[in-house]
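Since the structure comes first, as structure tokens, the remarks are kept for the end.
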Number of protein chains: 2
Amino acid sequence: MDESSASPRMNQYEKGKHTPDINTLKLLANELGVPLNYFFCEDEATAKLACLIADMSESEREALILTLEDSTLDSEA
Amino acid sequence: MDESSASPRMNQYEKGKHTPDINTLKLLANELGVPLNYFFCEDEATAKLACLIADMSESEREALILTLEDSTLDSEA
DNA sequence: TTACTAAGATACTCTTAGCCA
DNA sequence: TGGCTAAGAGTATCTTAGTAA
């Protein structure tokens, strides 16, 4: 990532003139300390959850899956 | 999305010859019935959580955030 | 017939240079 | 001085055509 052209690129992304490459997004995610899927969350809450889940351990994620599947059954019933 | 060239494109993606555009990924996500960030999850559990969260209501997500933030405090203490 | 690959046409982004506030 | 924009260079994907199983 060339620092000298970072400013125009960020402007082009923000103004919607260009779309950043997926590889570029990975670099940005590392810089910002967020997971890559953070950029693809449709709302604030989902984005925050993505960050929280990224910081969890594998076993914590598995446990959360079970919890959510149970509560889903509740709301479907 | 041109159906006539879908097959070569999918092969090129799978073989790692080309990387699909973000817009293409959106179309694929809609076709597959998964959230867009599904493609950017680093492990199976995170991907599954992304699907579960995508099906939740806004208020359910907010509630989940509070739950996770509490349990995070526990493990940090 | 289906899965896959190669190569050119096309369209995209990245960079440089320069303008406006 | 820092943020923003325009246009060309370079590089990526998409499409067509064709091969192998």
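Chain A is the first sequence line, chain B the second, and so forth, proteins listed ahead of strands; every chain is numbered from 1.
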Heavy atoms from other residues, nucleotides or ligands near OH of A:Tyr38 exceed 12 (cutoff 6.0 Å): no
Are side-chain heavy atoms of [X] and [Y] found at a separation under 4.5 Å?
X	Y	answer
B:Thr46	A:Asn37	yes
A:Thr19	B:Asn23	no
B:Ile22	A:Phe39	no

Nucleic acid footprint by protein, nucleotides 14-21 of chain C - heavy-atom cut-off 4.0 Å, B for base, S for sugar-phosphate alone: BBB-----
Distance (rounded to the nearest 0.5 Å) between A:Leu27 CG and A:Leu32 CG: 11.0 Å
Point-to-point distance, once rounded to the nearest 0.5 Å, from CD of B:Gln12 to OG of B:Ser7: 9.5 Å
Nearest non-hydrogen partners of B:Pro8 and B:Ser5, listed with the distance: CD-O, 3.3 Å
Pair listing, salt bridge (charged side-chain N to carboxylate O under 4.0 Å, His left out) test, anchored in residues 29-53 of chain A, at least two apart: A:Asp43-B:Arg61, A:Lys48-B:Glu69
Pairs meeting criterion salt bridge (charged side-chain N to carboxylate O under 4.0 Å, His left out) with involvement of residues 12-30 of chain A, two or more places apart: none
Sorted by number, the residues of residues 27-36 of chain A with heavy-atom contact under 4.0 Å to DNA chain C: none
B:Leu25/A:Phe40 under side-chain contact (heavy atoms from CB on, under 4.5 Å): CA gap, chis, key distance, verdict: CA-CA 11 Å; B:Leu25 286 176; A:Phe40 302 99; over 6 Å; no
Residue-phosphate contact under 4.0 Å: B:Lys17 side-chain N/O, C:dT5 OP1/OP2: no
A:Leu68 reachable from B:Leu66 in the ILVMFWY side-chain graph, under 4.5 Å edges: no
side-chain contact (heavy atoms from CB on, under 4.5 Å) evaluation trace for A:Leu64 with B:Leu64: CA-CA 10 Å; A:Leu64 181 56; B:Leu64 181 56; 3.8 Å; yes
Nucleotides bounding contact with chain B, strand DNA chain D, heavy-atom threshold 4.0 Å: D:dT13 to D:dT16
Tabulate atom names and distances for all N/O pairs under 3.5 angstrom spanning the protein and nucleotides 9-11 of chain C.
none

